[in-house]
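Model, not experiment: these values are computed from the prediction.
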Amino acid sequence: MACRTTGPRATGRGGRPPYLVWLVPVLWTLTLGRWGLSRQDSVWRDEAATWQVAGRSPGEIWHLLGNVDAVHGLYYLLMHVLFEVFGASTTTLRLPSVLAMAGAAACVALIGRRLAGFWAGLGGAMALGLLPAVQFQLQEGRAYALVAGGAGLSTLLLVSLLAPRAPAGRPAGPARRAWPRWTAYGAVVLVCALLNWFSLLILPAHAVTLWWARAGRRDIGRWLLASAAAVTGALPLIVFSGTQSGQVSWIPPLTWHMLIGPAALVAIGAFGAWADRWNGPRRCPGRPRPVRPRPARLTAAAVGLPLLAVPFLGLTAASLIRPVFLDRYVLFSMLGLALLIGAGLGAAVRTLAPRSAKASAVLVPAVVGVSVLAMLPVELADRSPASRVDDVLAVAGEVSRLKRDGDAVLFVPAARRDTALVSPEAFAGLADVALARGPVESGTLKGEESGPADIRAALRERQRVLLVTDAAGTAKPRGAQADRAKAAVLAADFAVVEDRQIRGRRVTVYERR
């Protein structure tokens, strides 16, 4: 039998429509995202910030960004538009993340197919939606999934520029045709940086890919120009958000325990990179080694391993200067892990194909099915309210049941006022006696409270007070002076008549002694 040299693309042939490699993962990710999207009608504190800010006017959002959360400004404006068009709901809040991650899955599929074959692309994209970090952020009303989608698109653009396709027997198009894609690459990186400037860690990851693939000087020069333009565009935001660094003061210092998970992921990715070497063309006995043009040196390992490891290393280095290590800041690195998992699956299919064509055809679907069953506890847990630290909607419902007209309400700490901002109807008729200036008026997330003396005087005029705070056992920030004044007056002049804890928050009803 004649020996046939097969490359990465050959493994994706066999009569399959080319769109299946990305369409199936997109539908798969959308299904996972839509499953339990409302999380039993729960919203936690981070999402509550998105919800309440998205309900403000553009001018009010701009006022807020001058004081706090400038790093999330573009995302807040986007969510404001969506809330205006589709209305405020958990679906509007979370569906952008689902759609963005579906787009990221499509990018992983196309990159994997181009570099390692059909099954590598399909398997990696299907694996992306099952990764625990992705499962969590897939249904989160924050910008991290959107950044992951943009990172997938920028990586796909880079791969298309370093390994261009052309019809058989014809060279790739003129070099000038690459400029629109390099421009798009820089624009996508910039938009991601404006959503969360830690996404710029994708640039050193792409730099390693360029080095690994031995890119030519022309490609390196154009990449440097596009990257410099993106960094320059994001620099004002980076500098200004540095003045609001107190927002991340709650992040704990880096410890070696925090690095166990990322180190394990990088180890898994390294194994996938090792397996990726089997995705290259094979040399038939007695035939000369096939000549591989330089762009063919770009492999799934050269793209996936830097994308997985470099952002974690960069975030670790930054955390040695100032504690900022939160894995969600580099959620986009999971695209690298998915790509490497896909490369490993592609290599397994390639190895199995000569022995059993049927077994090789069902390998990836079988692995995905087993993984779904194995990850089922994680999938169910992430779709329950208990997966988040608290639920602002649940505690608002409890307040609505316990309140009486004319009651006072206190929030300890003041940030727990978010439940009233997201569900104002539940707090109708209650007097927020500690509030001096509202969040919108003050351009803040929690408003400005009166001094301790004014709070004491206001409480002495009340017969009944509802206190909204964290549930017992929940970590609390340091108490402000105003919070200590609230606690002192309640302890001295009031008695507890009801105490309810629900989903990470607590409502205590006090009556004057």
Side-chain angles (χ1 to χ4, degrees), residues 38-39 41-84 87-97 136-137 139-147 194-198 237 241 244-251 324 326 328-329 331 385 387-396 411-424 426-427 432 435 437-449 468-470 474-477 503-505:
S38 72
R39 290 203 305 270
D41 295 319
S42 64
V43 172
W44 77 295
R45 61 182 66 171
D46 279 15
E47 293 179 312
T50 300
W51 189 304
Q52 60 138 319
V53 175
R56 303 185 189 186
S57 68
E60 292 166 346
I61 294 176
W62 186 257
H63 184 202
L64 169 77
L65 300 181
N67 299 314
V68 69
D69 264 2
V71 69
H72 299 303
L74 179 60
Y75 177 68
Y76 286 153
L77 290 170
L78 169 64
M79 294 307 299
H80 167 76
V81 173
L82 294 179
F83 272 40
E84 284 290 312
S89 67
T90 54
T91 299
T92 307
L93 180 68
R94 296 177 183 136
L95 194 56
S97 294
F136 190 93
Q137 295 296 334
Q139 298 180 331
E140 188 80 348
R142 299 298 274 177
Y144 307 111
L146 276 65
V147 172
L194 296 178
L195 289 170
N196 183 351
W197 56 262
F198 276 108
L237 173 64
S241 63
Q244 300 175 354
S245 58
Q247 291 179 249
V248 295
S249 60
W250 60 271
I251 300 177
V324 290
L326 291 177
R328 61 176 178 260
Y329 288 168
L331 176 70
S387 63
R388 272 63 174 178
V389 68
D390 59 7
D391 181 1
V392 301
L393 296 183
V395 74
F411 302 93
V412 175
R416 300 303 165 258
R417 188 172 280 107
D418 56 3
T419 185
L421 301 174
V422 172
S423 301
F427 289 79
D432 191 347
L435 187 64
R437 297 178 68 206
V440 175
E441 179 187 0
S442 61
T444 62
L445 291 172
K446 58 186 178 182
E448 294 178 356
E449 296 197 332
V468 178
T469 185
D470 294 313
T474 304
K476 299 179 178 63
R503 296 180 182 175
R505 295 221 175 166

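Using a 30° and 60° split on the angle between ring planes, Phe427 and Phe411 fall in the tilted class, from 30° to 60°. Classification of the His72-Tyr144 ring pair by plane angle, with boundaries at 30° and 60°, yields perpendicular.
Checked by atom type and distance alone, the side chain of Thr419 never pairs as donor or acceptor with a backbone atom of Val395 at under 3.5 Å. With Thr469 contributing its side chain and Val412 its backbone, the two residues share a donor-acceptor pair below 3.5 Å. For the pair Asp470 (side chain) and Arg505 (backbone), a donor-acceptor distance under 3.5 Å is absent. For Thr90 (side chain) and Asp41 (main-chain N/O), no donor-acceptor pair under 3.5 Å exists by modelled atom type. Although no hydrogens or angles enter the test, the distance criterion places no donor-acceptor pair under 3.5 Å between the side chain of Glu84 and the main chain of Ser57. For Asp391 (side chain) and Pro385 (main-chain N/O), no donor-acceptor pair under 3.5 Å exists by modelled atom type.
Heavy atoms only, all atoms of each residue included: Gly447 and Leu435 are closest at CA-CD1, 4.1 Å. Scanning all heavy atoms of the two residues, the minimum distance from Arg503 to Ala394 falls at CD-CB, 3.8 Å. Residues Asp69 and Leu445 approach most closely at OD2-CD1, 3.6 Å, considering heavy atoms. In this structure, Arg56 and Thr444 approach most closely via the heavy-atom pair NH2-O, 2.8 Å. For the pair Gly443 and Asn67, the tightest heavy-atom approach, listed with the atom from each and the gap, is O-ND2, 3.0 Å. Gln137 and Leu331 get closest at one heavy-atom pair: CB-CD2, 3.6 Å.
Here the CG-CG distance, from Leu65 to Leu77, works out to 6.5 Å after rounding to the nearest 0.5 Å. We find the CH2-CH2 distance between Trp51 and Trp44 to be 16.0 Å, quoted to the nearest 0.5 Å. Of the inter-residue distances, the one linking Leu74 atom CG with Leu237 atom CG reads 9.5 Å to the nearest 0.5 angstrom. Between the CG atom in Asp46 and the CG atom in Asp390 there is a gap of 8.5 Å [rounded to 0.5 Å].
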Quiz item: Taking it one step at a time, do Thr50 and Leu93 satisfy side-chain contact (heavy atoms from CB on, under 4.5 Å)?
Solution: CA-CA 8 Å; Thr50 300; Leu93 180 68; 3.7 Å; yes

Practice problem: Walk me through it: do Val392 and Ser423 pass the test side-chain contact (heavy atoms from CB on, under 4.5 Å)? | Solution: CA-CA 8 Å; Val392 301; Ser423 301; over 6 Å; no

Self-check item: Verdict with supporting geometry, Arg142 and Ser97, side chain to side chain donor-acceptor pair (under 3.5 Å)
Solution: CA-CA 8 Å; Arg142 299 298 274 177; Ser97 294; over 6 Å; no

Practice problem: Give the intermediate values and the outcome of side-chain contact (heavy atoms from CB on, under 4.5 Å) for residues Leu326 and Phe198. | Solution: CA-CA 11 Å; Leu326 291 177; Phe198 276 108; over 6 Å; no

Quiz item: side-chain contact (heavy atoms from CB on, under 4.5 Å) between Leu95 and Leu82: does it pass, once the steps are laid out?
Solution: CA-CA 10 Å; Leu95 194 56; Leu82 294 179; over 6 Å; no

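Relative to the six-membered ring of Phe136, Arg388 meets both conditions, a distance below 6.0 Å and an angle of at most 45° to the axis.
Every salt bridge (Lys or Arg N to Asp or Glu O under 4.0 Å) that Glu441 has, sequence neighbours left out, goes to Arg437. Under the salt bridge (Lys or Arg N to Asp or Glu O under 4.0 Å) criterion, Glu47 pairs with Arg39, Arg94, sequence neighbours left out.
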